[in-house]
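Contents: one structure, followed by commentary.
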Amino acid sequence: MNEIIFMLSDWPVRTIDGLIGFGALVLILLVVIAVVIARSGRRGAELAMAHAIRADELEERLAQVLHAQAEASGRVDAMTQTLAGRQAEMARAVNERLDSVTHRVGQSMEHSTRNTMESLRALHERLGIIDSAHKNLTDLTTQVTTLRDVLANKQSRGAFGQARMEAIVQDGLPKGSYEFQFTLSTGKRPDCVVFLPDQRPLCIDAKFPLEAMTALHDARTDEEKRLATQRLRGDVMKHVSDIAEKYLVTGETQEMALMFVPSESVYAEIHDGFDDVIQKAYRARVVLVSPSLLMLAIQVMQQIMKDARMRDAADQIQTEVIKLGDDLGRLRDRVLKLQKHFADANEDVRQILISADKIEKRAGRIEELDFSKTDAPAEGPRLVSGAPELFPRKLQAGE
């Protein structure tokens, strides 16, 4: 009813205003008609009748207009109610949608917060790992620096190689089968000797040609590489010659000696790039070994010593095997005696079970007897035809 139909200048014309205006217009029209009819009353009865008819038509049309106005008012009320209902539904739908969006936003924020916390925790863990790795890297850098300082000094480098060799030998061989700084009959003292089964020592000497190898790695021009290669070849061959001259004594030491190179990378460089040096060392009866090859050689020596000890103790092993056979024969006799005792015990148990079964049967037969009490004088037993006997047979001893 309060909806705006149209605007008249700045004045809004609403539905109720339109209805009031329309009613006023109708009233004015009626007044005008009444005035016209009053003025024309003088014209005669014909005109009065015509005006009466016209008035009836006007009243009928006015009634139709009022009816239409009433219908329009009902429709407007219905539309107002419909709009109000739709507005309420829309408000409810908007509220529900807002609640759903708010819930989703809350869940999303909670999920995002949880993911952020997990990411931060993982980041803290990674930072801790990075800190630990940085600390380890710092310690490793310090150790590398210390190792470089140690390897820069020739005496320290020799002590480092000898320490690695001693650790490998001590881990692989039993005590008494090796000796460090052993003095030969010539007065020479190799870094280590291993006593093989023939009691001739195998000499092992540690050499570390690091300076020549470093010069070869640092060489940039072809001339520098040629000079570094000649230097490395000369250093290695000098070590091989020294070992062959000092530690290969005919009839006292083994016919071969080992030159221990305490670095796998240095050994690999020599073995791959200086095959002629390896062949010359082999002809000089000197074998170059790396830490891994020395471990393998030590294992082979240990197995050789073990086989030699087993060959030396073969007679003792045979005697012990014979004694073990005698002990096994006595054990068999004792087991047979124990088996006979078990058989006798089983037979005794079987006899006891037979006696127990007989006793149980006898107790059952006693329970089946009927001892009825009566005041009548005792009479002799009467046999009834067809009745079972009270004592069918005499019990035998042992049943």
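Computed from heavy atoms alone, side chains included, the values below leave out hydrogens, waters and symmetry copies. None of the values given here were measured: they were computed from a predicted structure.
Between the CD atom in Glu320 and the CG atom in Asp327 there is a gap of 9.5 Å [rounded to 0.5 Å].
For residues 79-104, no residue pair satisfies the salt bridge (charged side-chain N to carboxylate O under 4.0 Å, His left out) rule, not counting sequence neighbours.
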Tabulate below the donor-acceptor pairs under 3.5 Å that side-chain atoms of residues 295-308 make, not counting sequence neighbours, or state none.
{"residue": "Gln303", "atom": "NE2", "partner": "Asp307", "partner atom": "OD1", "Å": "3.3"}

Just distance, no hydrogens or angles: give the donor-acceptor pairs under 3.5 Å from side chains in residues 343-353, sequence neighbours left out.
{"residue": "Asp344", "atom": "OD2", "partner": "Lys340", "partner atom": "NZ", "Å": "3.4"}
{"residue": "Asn346", "atom": "ND2", "partner": "Phe342", "partner atom": "O", "Å": "3.1"}
{"residue": "Glu347", "atom": "OE1", "partner": "Arg350", "partner atom": "NE", "Å": "3.3"}
{"residue": "Glu347", "atom": "OE2", "partner": "Arg350", "partner atom": "NH2", "Å": "2.6"}
{"residue": "Glu347", "atom": "OE2", "partner": "Gln351", "partner atom": "NE2", "Å": "3.1"}

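The side-chain contact (heavy atoms from CB on, under 4.5 Å) test applied to Gln279 returns Asp275, Arg283, not counting sequence neighbours. Scored by the salt bridge (Lys or Arg N to Asp or Glu O under 4.0 Å) test, Arg126 finds no partners at all (sequence neighbours excluded).
Taking a 6.0 Å sphere around CD of Glu223, one finds it holds more than 12 heavy atoms contributed by other residues, nucleotides or ligands.
Neither side chain, Arg121 nor His124, offers a donor N or O lying under 3.5 Å from an acceptor on the other. One side chain, Glu71 or His67, offers a donor N or O that lies under 3.5 Å from an acceptor on the other.
Phe180 and Phe182 have their aromatic ring centers separated by at least 6.0 angstrom.
Residue Val94 belongs to a hydrophobic cluster whose other members are Met90, Leu98, with links defined by side-chain heavy atoms closer than 4.5 Å.
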**Val287 vs Leu293, side chain to side chain contact (heavy atoms under 4.5 Å, CB included): CA-CA, chis, key distance, verdict** = CA-CA 10 Å; Val287 179; Leu293 290 178; over 6 Å; no

